[in-house]
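Chain A is the first sequence line, chain B the second, and so forth, proteins listed ahead of strands; every chain is numbered from 1.
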Amino acid sequence: MKRDEFLKKSVWGSALAMLSVPFGRKMLSKSEKSQPVADQRGVEMVCSPTNTHMVGNGFKVMNFYPNGKGFEERMSPFFLLDFNAEVDFPASDIAHGVGVHPHRGIETITFAYKGAVEHHDSKGNHGIIHAGDVQWMTAGGGVLHKEYHEQTFNRSGGAFEMLQLWINLPKAHKFTPAKYQSIKHTDKPKVDLSNDQGTVYVIAGEYEGMNGIASAFSPIHMYDMHLNSGADFSFRLPSGFNSGILVIDGEIKVNGSKAPENHYVQLKNEAGKIQIQAEKKSKLMVLSGEPLNEPYVSYGPFVMNTEQEIKDAIRDYNEGKFGF
Amino acid sequence: MKNLTFSTFLTSNLSITPSDLDPVLSKAKSLEVRKDAFLLQEGEKCKYSFYVEKGLLRQYMLDAKGKEHIISFGPEGWIISDRESVFFNQPSKFFIQALEDCTIKLIDDSLVRLISEKVPSFVDFNTRLLHNHIRALQNRIIQLMSFTAEERYLEFIALYPDIMLRVPQTMVASYLGIAPESLSRVRKDLANKNFNKKHTSYLT
């Protein structure tokens, strides 16, 4: 018997679970029952904040999706939504963050609301995401990186609020070369709402004729909304796009359904106005995207189309292809 | 998703149906442990073998200088135990720790006897598991004595394909008996050897 065969056969039990989903479950609250109103897009559900878990020792996140309840497809192409609601990190000399790990097949988008995150990858890229900034990383064929609280912030501690989103790449672009779009808050295109109701920063797609700054690989809209208390306005998103709204800060009503801080509103896929009423000064993340309608297989940091591609990704990572 | 419950592990290896086995296994204790929790600490007597249904364990010892030496990782479908402690009723030299939140089935002598009574073929299967374990340990000794760092690493990723994704590289280096810097060098050499310009073109 050859040595490698010999070793493989000595494995106890069966092989590893290729598809374990290492994410927590969440509680869903049904949205307030209300009669459909003509020309209003329906609210499918309002999700309560979920239990938090630590990602590394630096991110205390609630995971809205994926969650093993079909959300991976429900919000396609958006695959993962981890939200670190505001939390105070104590001053520390121990680095807070997530150590070196790979990604393939997705884009990871990091929004800093409070605090700052520092990033390094194995190709020597380095950046700091300050409050208000967005880092749009296309992992594509492969990236090996680490994410930590920015050094000065880490030492001083303070309020930390962060969101990380994964967008699944279409099959045709799974292996696109890795790249970064570093978006400063001051560079975000914006639409000021009338009567000082607030501002819609257009990250991707388009809002009221204003184009977003980031480029994506499938049709999406992504808005960073900063609303003043009393704002009351409406907009539309394509009926077939999977769409949802996360309340980062404040409290809103979406077409009459109440959504307090850190709640997530899933909209129905139908035509109609989306009316937002801000009960307080609020910050929202609005996501909307055309479903990919492609098979996917995910394992940890990889989202691919087939199980073989996941095995390839694990092998490539083990053999140093992503870096070392 | 692959089902790696203890029940599936047994029914896929023995000629018994889940419905016949489940009444027996209902006597088996399960344990949910959080990341970082210890199932065994040095000096304690190990009472069980731990079958991992979900999560990841590591078994390690501390040397006189306080350095950790990992003897095994236990991902889903593996059994981790200190057989010296269990069988010979000795205080253990080892720590068994959860590296992720885990679901564990506890296997003790009474459960082994119970399954053996209901499913006679389990006796042979259990012996086979023991010999598999001895074979794996022999292999590990030979590797540590005679393999290069790269050969050890290649055997490691064949045996445990996804552990590099689940634990820090320092733990893998500890398992391999090499310095973390050596592991990094091995991975760099492999990348240079395995991936020529053409293949890495999509990695900017």
Side-chain angles (χ1 to χ4, degrees), chain A residues 1 3-22 24 53-54 56 68 99-102 104 121-123 125 138-144 173-180 297 299-302 307 310-311 313-324, chain B residues 1-4 8-9 12-13 35 51-52 54-55 74-80 100-101 129 132-140 142-143 151 153-166 168-169 183-195 199-204:
Chain A
M1 193 182 287
R3 185 191 283 155
D4 56 346
E5 210 181 316
F6 187 70
L7 257 187
K8 275 176 201 156
K9 290 194 174 169
S10 66
V11 177
W12 279 49
S14 43
L16 69 151
M18 289 301 296
L19 301 176
S20 71
V21 178
H53 68 274
M54 292 301 293
V100 174
H101 60 279
R104 177 180 281 179
D121 78 9
S122 61
K123 305 288 173 192
N125 294 304
T138 306
V143 156
L144 188 66
H173 299 288
K174 278 288 182 211
F175 289 89
T176 191
K179 67 169 185 182
Y180 293 89
V297 182
Y299 180 79
F302 308 126
E307 197 157 332
I310 292 288
K311 287 180 181 162
I314 292 172
R315 189 204 56 227
D316 288 351
Y317 168 63
N318 282 339
E319 295 183 1
K321 190 169 188 174
F322 290 76
F324 15 88
Chain B
M1 194 185 300
K2 277 187 188 150
N3 190 340
L4 292 164
T8 309
F9 172 64
S12 59
N13 284 291
K35 181 179 189 297
Y51 176 86
V52 183
K54 181 178 158 286
E76 292 84 356
W78 281 61
I79 297 169
I80 297 292
E100 298 171 358
D101 291 354
L129 287 180
N132 264 336
H133 182 56
I134 293 166
R135 179 165 70 174
L137 292 179
Q138 283 180 345
N139 243 333
R140 188 129 160 70
I142 287 297
Q143 286 175 30
E151 286 170 331
Y153 178 70
L154 289 174
E155 297 291 1
F156 175 80
I157 59 177
L159 183 64
Y160 292 118
D162 74 338
I163 298 295
M164 278 295 292
L165 284 167
R166 297 168 73 170
Q169 289 193 17
L183 177 57
S184 190
R185 180 181 44 76
V186 165
R187 285 167 53 78
K188 186 177 179 179
D189 290 348
L190 275 175
N192 290 338
K193 226 185 283 182
N194 292 333
F195 304 112
H199 287 114
T200 53
S201 59
Y202 58 79
L203 301 172
T204 52

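- Contact annotation for B:Q169: only side-chain heavy atoms (C-beta onward) come within less than 4.5 Å of a heavy atom of chain A.
- Every residue two or more places apart in sequence or in another chain that forms a side chain to side chain contact (heavy atoms under 4.5 Å, CB included) with B:K35 is listed here: B:D101.
- Annotation: maximal heavy-atom pairing with chain A below 4.5 Å, among B:L183, B:I157, B:L154, occurs at B:I157.
- Side-chain atoms of B:Y153 come within 3.5 Å of backbone N or O of A:N318 as a donor-acceptor pair.
- In this view, A:D121 satisfies the salt bridge (Lys or Arg N to Asp or Glu O under 4.0 Å) rule with no residue, not counting sequence neighbours.
- Rounding to the nearest 0.5 Å gives a distance of 5.5 Å between OH of A:Y317 and CG of B:L165.
- Interface remark: A:F302 contributes side-chain atoms only to the contact with chain B (heavy atom separation under 4.5 Å).
- Of all the heavy atoms in A:G320 and B:A191, the pair that sits closest is O-CB, 3.2 Å.
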